[in-house]
Amino acid sequence: MSKPSLPQGTRDFNAATVQKRQYIFQTIRSVFETFGFQPLETPAMENLDTLMGKYGEEGDKLIFKILNNGLDNPTKTEQVQAGFEKITQGKSSTAITERALRYDLTIPFARFVAMNHGALTFPYKRYQIQPVWRADRPQKGRYREFYQCDADIVGSESLLNEVDLIAIYVTAFEKLQLPVEIKINNRKILLGLAQVCGGEDKMIDLTIAIDKLDKIGWEKVKEELNNKGFSEQQQDIVAQYLNISGTNIEKINQLKTLLGDNENGQKGIEELNFVLDYHEATGMAKHLVADFTLARGLNYYTGLIFEVKALDAQMGSIGGGGRYNDLTSLFGVPNIPGVGISFGVDRIYDVLEEKQLFPATIESTTQVLFFNLGEAESKAAYLQMTALRNKKIACEIYPEKSKFDKQFKYAEKKNIQNIVIIGSEELAQQQCTVKNLNTGNQSTIAFEALANFFS
RNA sequence: GAGGGCGUAGCUCAGUAGGUUAGAGCGACAGUUUGUGGCACUGUAGGCCGUGGGUUCGAGACCCAUCGUUCUCCCCA
């Protein structure tokens, strides 16, 4: 028997961790519901072809695939061997695997909307809090099983939705008392830039290079642009683009002059302005930072895009999202525009832990421990305990008749504040000894008064 | 996919230039008048030194491989 272990990148959560995680989930869930979103849950596994090709080439490699059952069936041996051949060549084969673990919540959601668009009321606003799995190399802030909390609105093109989603971010992180900045950009601006220098088809090369700016610096970005065939003049425009700085308004003005009369660029700026203007009024604009270098990897985004970064923390983004014009058309149902955001709970947890921002009150435990001093005694104790439980006072009885020492230590380890002693003496008098372990104070209480003593 | 660090008791780690029976702290368990804890003291248990090869008279230490873990890059939450 080998030592038990956990698959790479997965974790057990002990009591304290679960309670802290619940605190995050509940905070975010209550904000979602306050904004009129309704819950949805989808299966842990999807058909492989629902997921493949939706996350780019890199993404496909990171999907956990589930081995088919019945591969040992002799009548299928030939198919299975042919399928295995394809797998070893890096292709996929339904003879070997046709299901996979959920990679994110957005694509399953799009699949759900496509399947149920006849029954849903649009605009449809749903939130979803479930684990996802990625066959990534685990490292700091990156796990193979982690939770996402998504909120999406489909069936509406209104920018009010973007305004709302930003308000959700601001509200949720204020409740969690975590200072953040929300970076905001527009894919249309990136598209406009691509059109101004090099053409639309170079947009992906361009955004990848731009996205790397703060990691590798301008010189390397310029080198990469050069390799991708951008002219000196075009590189110069990109340089000006990346040098844009100042307040949000100043940045936008600089961008306007740079992109000139490019239609996509102007539209992108207009949308950005709309959202910023709304949140000037709500006072939430102080968290918003226009950042034209923000690109985001997922290529289904078409409009405004967001990314949340915790201030003063060594951690990647803790949330992100954006507008996608036609996700459900991937599943044969066109013309349902949508916009959504995601919270990275596991990273939020790590940041809150690092900055010690969890409230002390969230670790709840048993309030009262009844000592076990024998059969008749524990029977009397059990009756009292039932009365307390009816009053919603969390209590338990030590299940073994053990030495005081041991029962005390159990209470301490579980951080139980009060103990109740019912021994032969107390039993005869129909009363019990109550001791507060914090203060050391001890008092004698009649059985019938016990429930009121704690409530 | 590429590249580093680390695997010794349940946990955190010592273990000197390879040299006898492998160490500490914490934890666990037991005891210090079998109805009053936290402290202290005493004692006990617990290690194929990740695994497999190799070098050597001799390996926990050195070399190779392998597995696990962790971090960085890529990519992402």
Side-chain angles (χ1 to χ4, degrees), chain A residues 2-11 14 24 28 55-63 90 102-106 129-150 169 180 207-208 211-212 215-216 220 224 294-299 306-310 313-322 340-351 369 371-374 377 398 401-427 432-444:
Chain A
S2 58
K3 279 188 187 173
S5 65
L6 232 38
Q8 197 179 28
T10 65
R11 299 152 294 163
N14 63 22
I24 300 173
I28 295 172
Y55 308 106
E57 234 173 276
E58 286 288 323
D60 283 352
K61 286 187 201 159
L62 301 180
I63 294 172
R102 184 169 57 215
Y103 179 88
D104 73 352
L105 301 180
T106 307
I129 301 178
Q130 289 190 279
V132 302
W133 294 270
R134 295 185 188 178
D136 212 345
R137 283 285 165 81
Q139 51 185 275
K140 190 180 162 70
R142 181 181 300 190
Y143 308 98
R144 288 186 147 185
E145 177 185 64
F146 62 97
Y147 271 72
Q148 289 191 330
C149 298
D150 278 26
Y169 268 146
V180 296
T207 52
I208 290 174
D211 198 36
K212 290 181 183 167
K215 274 182 191 160
I216 62 178
K220 296 261 182 182
E224 192 160 327
L294 176 65
R296 292 197 57 73
L298 296 171
N299 43 28
F306 327 107
E307 197 159 288
V308 185
K309 181 102 183 46
Q314 284 289 97
M315 181 61 77
S317 70
I318 55 176
I341 54 168
S342 181
F343 288 81
V345 174
D346 299 81
R347 286 189 177 176
I348 292 170
Y349 179 96
D350 289 347
V351 173
L369 176 71
F371 272 27
N372 187 330
L373 300 175
E377 290 88 342
Y398 197 82
K401 178 181 183 292
S402 300
K403 298 201 305 182
F404 262 51
D405 190 55
K406 196 150 188 179
Q407 303 197 40
F408 265 120
K409 282 198 171 138
Y410 178 78
E412 270 163 40
K413 290 256 170 68
K414 273 190 87 169
N415 201 19
I416 298 173
Q417 308 261 338
N418 301 288
I419 58 150
V420 172
I421 300 169
I422 300 175
S424 51
E425 250 174 67
E426 286 89 350
L427 188 54
C432 43
T433 303
V434 177
K435 180 164 184 171
N436 182 313
L437 294 189
N438 279 351
T439 61
N441 290 342
Q442 198 163 308
S443 47
T444 305

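Each chain gets a letter, A, B and so on, in the order its sequence line appears, and its residues count up from 1.
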Within this structure, what is the [atom1]-to-[atom2] distance between [X] and [N], rounded to whole angstrom?
X	N	atom1	atom2	value
Y55(A)	C75(B)	OH	P	19 Å
F408(A)	U36(B)	CZ	C1'	4 Å
Y103(A)	C76(B)	OH	P	8 Å
R11(A)	U70(B)	CZ	P	11 Å
D136(A)	U70(B)	CG	C1'	15 Å
K309(A)	C76(B)	NZ	C1'	14 Å
N372(A)	U36(B)	CG	P	17 Å
L294(A)	C76(B)	CG	P	12 Å

N/O (side chain, Q139(A)) to phosphate O (OP1/OP2, U72(B)) under 4.0 Å: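 Indeed, a polar side-chain atom of Q139(A) lies that close.
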So what does [X] hit on the nucleic acid, given a heavy-atom distance under 4.0 Å: a base, only sugar-phosphate, or nothing?
X	answer
S342(A)	nothing
K413(A)	sugar-phosphate
K435(A)	base
G56(A)	nothing
G423(A)	base
F371(A)	nothing
I421(A)	base
I422(A)	nothing

Note, I129(A) side chain near F343(A) side chain (heavy atom, < 4.5 Å):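 Of all side-chain heavy-atom pairs linking F343(A) with I129(A), none is under 4.5 Å.
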Between [N] and [M], how far apart are the two [atom1] atoms, rounded to whole Å?
N	M	atom1	answer
U8(B)	C49(B)	C1'	4 Å
A24(B)	G46(B)	C1'	15 Å
G15(B)	G7(B)	P	10 Å
U12(B)	C6(B)	C1'	14 Å

Any donor-acceptor pair under 3.5 Å joining the side chain of [X] to the base of [N]?
X	N	result
Q8(A)	U69(B)	no
K403(A)	U34(B)	no
R137(A)	C76(B)	no
E426(A)	G35(B)	yes

Residues E426(A), T433(A); criterion side chain to side chain donor-acceptor pair (under 3.5 Å); working and verdict: CA-CA 7 Å; E426(A) 286 89 350; T433(A) 303; 2.8 Å; yes
RNA chain B: I419(A) or G59(A), which has the more 5' nearest nucleotide?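 Looking at the nearest nucleotide for each, I419(A) comes out on the 5' side.
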Residue mapping more 5' on RNA chain B - nearest nucleotide basis, L62(A) or N438(A):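 By nearest-heavy-atom nucleotide position, the 5'-most residue is N438(A).
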In this structure, are over 12 heavy atoms from other groups packed under 6.0 Å from K140(A) atom NZ?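 No - once you tally the heavy atoms of other residues, nucleotides and ligands closer than 6.0 Å, there are 12 at most.
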Counting only heavy atoms not in E425(A) (residues, nucleotides, ligands), do more than 12 fall under 6.0 Å from its CD?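 No, not enclosed.
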Watson-Crick or G-U counterpart of G3(B), or none if no pair lies under 3.5 Å: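 Base-paired to C71(B).
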Under the 3.5 angstrom rule, does the side chain of K61(A) hit a backbone N or O of D136(A) as a donor-acceptor pair?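 Absent.
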